[in-house]
Protein chains: 2
Amino acid sequence: MARGSAGRSALQQHLRVLDAFDALNPTRTLTEITRVTGMPHSTAHRIVGELVRERLLERGPERTYRLGLRLWEYGARTPGVVGLREAAQPWIAAANSRLRQHVQLGVRVDTDVLFIERMSANDSVVNASLVGGRVPLHASSSGLVLLAFGHRSIVEDVIATGMRRLTPHTIVEEGELRRTLRRIRNDGFGVTHGHIHLESMGVAVPVYGADGVVSASMGAVVKNTEGTPMAVIEILNVAAAGMTRTLQQQGGQPSLGPPGSGNVSQRSWEVIETVHRSRADRASRGTAGGR
Amino acid sequence: MARGSAGRSALQQHLRVLDAFDALNPTRTLTEITRVTGMPHSTAHRIVGELVRERLLERGPERTYRLGLRLWEYGARTPGVVGLREAAQPWIAAANSRLRQHVQLGVRVDTDVLFIERMSANDSVVNASLVGGRVPLHASSSGLVLLAFGHRSIVEDVIATGMRRLTPHTIVEEGELRRTLRRIRNDGFGVTHGHIHLESMGVAVPVYGADGVVSASMGAVVKNTEGTPMAVIEILNVAAAGMTRTLQQQGGQPSLGPPGSGNVSQRSWEVIETVHRSRADRASRGTAGGR
């Protein structure tokens with residue numbers, strides 16, 4: 001494994017540059033990349049050049065760079081997320097049309113919840129989730145549900161990482177976290193009143209995969225009111241159960257489009273295979289355009 | 001730049017493994033990866049290991065691998081595609097609700113059209129497009145429109161690459177390609193009768209970006225009939241013009257979610273920034289969980 005500065009592999013260095021881009025910083029200059037990655041300027045310059053040549057980065061206006069089309073293509077071929085999103089979408093749409101508030105699907109990454117799908121109404125309440133954005137597990141109802149039904153070791157990671165306060169109601173203390181997780185496991189849902197923003201309440205339930213393990217959380221963000229909104233929980237439970245049935249019909253193997261999953265017919269699939277084989281033949285003749 | 005076998009950089013070797021996965025082959029075994037990449041088994045084994053450690057690949061059942069969650073996250077932060085998709089979605093939905101057939105948005109990559117969004121009805125005709133899937137430019141109406149309004153040099157690439165026949169109607173001859181592109185530039189739309197499947201007709205119009213350059217094609221796939229479907233073209237033109245207006249309102253800088261683009265309110269955006277800063281603080285303390 002080729003190793004560059006600071007003992008990092010070449011791959012780790014490339015990823016370090018890609019990681020400098022996020023939902024809040026979708027474009028970066030070379031100077032910013034140097035600062036954010038802590039790399040020497042010459043190293044950052046060389047790596048950015050390589051990434052642009054391979055179209056993992058694109059040049060934008062005013063000497064900026066942004067993540068490139070090729071990364072989107074890889075993302076579109078990621079069965080884990082794409083399969084979960086497709087299984088979730090009709091159920092999220094149904095829940096959203098009843099609630100008229102944010103309904104969202106989250107999965108765990110490190111000590112964060114990553115939101116992979118969301119539907120909102122125009123007058124929905126204040127909400128911290130973006131599709132492709134992360135929120136710390138301890139702060140969000142979706143995150144707490146993933147924590148309650150996930151590996152116990154993640155709870156220790158969250159405690160070791162430290163829980164940052166976002167409002168006076170955010171859970172920041174170990175004992176309160178453990179009590180809350182026990183209650184969520186008992187109740188089968190999580191409700192947080194103003195843990196991220198005082199005006200909003202988070203409500204979330206677990207989504208079981210075809211293997212019977214919790215694979216995601218189905219959450220809603222609604223106006224913060226007293227008490228536990230049983231009607232919202234009921235709507236989320238229907239959506240989560242529906243999504244689980246869809247995952248089971250897929251045989252536990254979320255796929256990217258073969259017959260039966262999503263809206264690609266058997267006959268269309270045959271055409272897709274033909275077109276694909278024609279592309280593969282062309283590529284193996286070594287003449288595929290590379291502009 | 002670290003170079004491995006066959007003079008390829010480390011980055012190119014990693015991408016070669018990721019490129020072994022596509023819509024038709026979303027999962028691969030190590031043996032398949034070795035065969036598809038042409039790498040020595042030991043090299044493929046080492047690179048797959050690195051990619052799994054960095055979560056660009058995930059392990060699936062039965063000794064398979066698939067593209068990993070981290071790639072989906074990068075894809076969700078790709079402003080070029082995500083911005084185009086968000087600008088397109090309401091217009092594609094409107095066109096789809098009138099046509100009740102496939103409506104799709106394509107962009108050019110190499111000598112292919114890459115479909116980045118699609119909406120269909122349950123009884124839509126046979127269609128070769130998948131979100132995240134590619135079709136050769138010369139075969140598809142969306143591709144021909146991108147070719148007609150793109151850089152002239154791409155036409156030469158397509159001719160040099162060779163045009164593969166998918167049906168007796170596919171354009172495979174240089175003169176016919178050039179005549180067709182001239183007609184599309186004159187007419188402002190492209191129509192193909194049975195070029196990919198005999199039962200289906202492709203119809204596409206160009207989408208102009210905020211900079212006045214064609215940035216995408218808005219296409220429909222409908223039942224193949226005689227003649228030119230002016231009603232379909234009219235519906236696509238309305239959608240394409242609407243999408244251009246949305247792109248202009250975004251100031252030519254498609255973004256990932258700030259106020260004004262999409263359904264994130266100014267107040268929600270402030271919360272998102274707060275949560276993000278709390279994550280960044282934690283990461284810079286060097287204690288972000290890494291499980």
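Convention: sequence-line order gives letters A, B, ...; per-chain numbering from 1. Because the structure is a prediction, the values reported are computed rather than measured. Every heavy atom of this structure was used, including side-chain atoms; hydrogens, water molecules and symmetry mates were not.
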- Message: The test is side chain to side chain contact (heavy atoms under 4.5 Å, CB included); show your working for B:L15 and A:L56 and say whether it passes.
- Response: CA-CA 10 Å; B:L15 295 176; A:L56 303 179; 4.0 Å; yes
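Contact of the B:Y74 side chain with the A:T78 side chain is not registered, since no non-hydrogen atoms from C-beta on lie closer than 4.5 Å. Put simply, the side chain of A:D110 reaches to within 4.5 Å of the side chain of B:R55, judged on heavy atoms.
Comparing B:I47, B:L51, B:I116 by how many heavy-atom pairs each has under 4.5 Å with chain A, the most go to B:I116. Between chain B and the residues A:V158, A:L166, A:D19, the most heavy-atom pairs under 4.5 angstrom are made by A:D19.
Once rounded to the nearest 0.5 Å, the distance linking CG of B:L69 with CZ of A:R108 reads 10.0 Å. Atom CG of A:L24 is separated from atom CZ of B:R77 by 10.0 Å, given to the nearest 0.5 angstrom. Between the CG atom of B:L11 and the NE2 atom of A:H14 there is a distance of 4.5 Å, given to the nearest 0.5 Å.
Of all the heavy atoms in A:G132 and B:A76, the pair that sits closest is CA-CB, 3.8 Å. Scanning all heavy atoms of the two residues, the minimum distance from A:W72 to B:F115 falls at CH2-O, 3.9 Å. Across all their heavy atoms, A:S9 and B:E50 have their closest contact at OG-OE1, 3.8 Å.
Remark: B:E54 engages A:Q12, B:R70 in a side chain to side chain donor-acceptor pair (under 3.5 Å) (not counting sequence neighbours).
Both the backbone and the side chain of B:L18 come within less than 4.5 Å of a heavy atom of chain A. Contacts between B:V135 and chain A at a heavy-atom distance below 4.5 Å involve backbone atoms as well as side-chain atoms.
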